[in-house]
Number of protein chains: 2
Amino acid sequence: MKAKPQIVKAGPRSQAIDPLLQGAITPAGTPSPEAVQKAGAACVRRLPAYLQLLRVLQGEGHEHVSGTVLASTHNLEPVIVRKDLAVTGISGTPRLGFRVTELIAAIEAFLGWNNQTKAVLVGVGNLGTALLGYRGFENLGLRIAGAFDSDPKLIGTWVQGRHVQSMPKLPPFARRLGITLGVLTVPVAAAQEAADLMVRAGILGIWNFTPVKLQIPDGVVVQKEDLAEGLAVLSHRLRHSRS
Amino acid sequence: MKAKPQIVKAGPRSQAIDPLLQGAITPAGTPSPEAVQKAGAACVRRLPAYLQLLRVLQGEGHEHVSGTVLASTHNLEPVIVRKDLAVTGISGTPRLGFRVTELIAAIEAFLGWNNQTKAVLVGVGNLGTALLGYRGFENLGLRIAGAFDSDPKLIGTWVQGRHVQSMPKLPPFARRLGITLGVLTVPVAAAQEAADLMVRAGILGIWNFTPVKLQIPDGVVVQKEDLAEGLAVLSHRLRHSRS
DNA sequence: TATATATCGATATATAGTTCTCGATAGATG
DNA sequence: CATCTATCGAGAACTATATATCGATATATA
Ligand SMILES: NC(=O)c1ccc[n+]([C@@H]2O[C@H](COP(=O)([O-])OP(=O)(O)OC[C@H]3O[C@@H](n4cnc5c(N)ncnc54)[C@H](O)[C@@H]3O)[C@@H](O)[C@H]2O)c1
Ligand SMILES: NC(=O)c1ccc[n+]([C@@H]2O[C@H](COP(=O)([O-])OP(=O)(O)OC[C@H]3O[C@@H](n4cnc5c(N)ncnc54)[C@H](O)[C@@H]3O)[C@@H](O)[C@H]2O)c1
């Protein structure tokens, strides 16, 4: 969760001051690199929820939205929302709030969701098929461009409109299309092997839906999406909500 | 300043993943209620990962495991692991570590996963079907006992070995079986309505896979499982891992 | 034009979470 | 038997995140 810093950090606050003063009012939708750096994980995780609501409001014709409104619909404190939105570099106006379209553009740009990133999916089983069929990804800057599996019965078939290819085809495919993102939905026993192949294919980010902690070289980012985590929290809260 | 000494990680490349991870046989442990209360969310989220690894080790015949080993395979600090395990009420012994079977039982008991909780699933679409077919839930103390949908073409059919029932059947079904947990996998537009019905059916905990912030009365716990959150973190880290 | 007020944005405090430090201990080693 | 050592467990120190406070400001309203 917390990457161990290789370098001994020198001045904690020394050079963090001047980029803030500069302001660098970037054209809407271009977050300053400094701001991006200091965005905490907790903040990043909330941004998609704002985005989801902002798109709804945009569809309803709203031009402005206040942090207060964003907060109340998500059961958050308005202060948190304003702090989160600050990392995108967008400023609101008193009594009105933030411009909806501007905010959407800024959050998308911050997350890199303004251009669709192509990805490959490995493991066209129960979960893989569901993800292939999920149309919501286009709102999240993701497009699954290729599907791969080791099952001879699956290879060559079409699933959710995608051609399922054999595993050896993965590296050339990824290299040819310049794909750097991989979605991993194979069984537990095959997870490490499939991840290794992804790395050899030049994948730099793995979205790991298996409950396996992958052994991966530095430079490759792994995001583990473990259902058990959420269920654990739910179970725990259920057991102690009434007491 | 003090140079951070490189921690000599006893890095056992134990990617020998046993596909047959059994071991759901647990003579129930008993966590103390006080410890349960003060468990933080961050800790609770890590427990399933320990559990997963412990089951593998159990399958390989290990009798003891040290916090150091648990930590290194998950890229965590040993201190965190020991602190996390402390909430289960289990004590380790110096130089040996923790007894594997004892730990498994304790974590399961802590999360309430020693007895399977029955749940209903609403929305037998792409994702709902995948979840219905997921065999891993039996290791997480969950059993989806009923599946519901509003689509007349689906009602009455069998999906993943379950009979799909109509929505009006949900309240009597849940009440009759004493089900208090609901899995929500309907489209965005139907999420609130379906959640309302769940609440009327006596559901106390909703595992919400839609990106909708549900309006729910107090006393009902909602765990939102938003894919976009994880993807946001991945996107963000990818954009700033090399810089 | 003057006043009221919802909202922003910055700073300060509180809480949760992580990392550091160190003494204690049970088993290994000789 | 004496010593060594990996590990545990507890508390302190540090960091990240959440919450509270407050002045500044742009718009609405009188
Ligand atoms: N189904 C779910 O709802 C769900 C939920 C949470 C987590 N997961 C995890 O997602 C993963 C997949 O689950 P699933 O239910 O879809 O399993 P599945 O068995 O339905 O699908 C796995 C797919 O991977 C393919 N595969 C197997 N070995 C492979 C290899 N070496 N290379 C490439 N492809 C290979 C199989 O042919 C199959 O199509 C598992 O690790 C599971 O723990 C699934
Ligand atoms: N498919 C994915 O991989 C994926 C990933 C992340 C999130 N989600 C979320 O999960 C939800 C479901 O996604 P999906 O891809 O499975 O959609 P889907 O359309 O395949 O399935 C939805 C199912 O819900 C049923 N339904 C519709 N209205 C209903 C109602 N009022 N009451 C009961 N059932 C109703 C439909 O008949 C259908 O069977 C969506 O909210 C989506 O955003 C899906």
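Side-chain atoms are counted along with the backbone in the values below, which use heavy atoms only and exclude waters and symmetry mates.
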*Consecutive-pair stems (3 or more, Watson-Crick or G-U, under 3.5 Å) for DNA chain D*: C:1-30 with D:1-30
*Should B/Gln223 and B/Asn208 be marked as a side-chain contact (heavy atoms from CB on, under 4.5 Å) after you check the CA-CA gap, both sets of side-chain angles, and the distance that decides it?*
CA-CA 6 Å; B/Gln223 172 69 24; B/Asn208 175 23; over 6 Å; no
*asked:* For B/Arg99, is there an ion pair with B/Glu63 - N to carboxylate O distance below 4.0 angstrom?
replied: yes
*How does protein contact run along nucleotides 2-12 of chain C, one letter per nucleotide 5' to 3', with B for base contact, S for sugar-phosphate only, - for none, heavy atoms under 4.0 Å?*
---BBBBB-BB
*Given atom CZ of A/Arg45 and atom P of D/dT17, what is their separation to the nearest angstrom?*
11 Å
*Remember a base hit wins even if backbone is also touched, and classify A/Arg46 as base, sugar-phosphate or nothing at under 4.0 Å, heavy atoms.*
sugar-phosphate
*Can you tell me the distance, in whole Å, between the NE2 atom of B/His64 and the P atom of D/dA6?*
18 Å
*Close side-chain approach of A/Tyr50 and A/Ile107, heavy atoms under 4.5 Å*: yes
*For A/Asn139, what residues pass the side chain to side chain donor-acceptor pair (under 3.5 Å) criterion, not counting sequence neighbours?*
none
*Kindly write out the residues that satisfy side chain to side chain donor-acceptor pair (under 3.5 Å) with B/Arg95, not counting sequence neighbours, or none if the list is empty.*
none
*Are B/Glu77 and B/Lys83 within salt-bridge range, i.e. N to O under 4.0 Å?*
no
*asked:* Restricting to side chain to side chain donor-acceptor pair (under 3.5 Å), what partner residues turn up for A/Ser235, sequence neighbours left out?
replied: B/Trp113
*Mind calculating the distance between CD1 (A/Ile80) and P (C/dA14) to the nearest angstrom?*
17 Å
*Excluding sequence neighbours, so at least two apart, what forms side chain to side chain donor-acceptor pair (under 3.5 Å) with B/Glu102?*
none
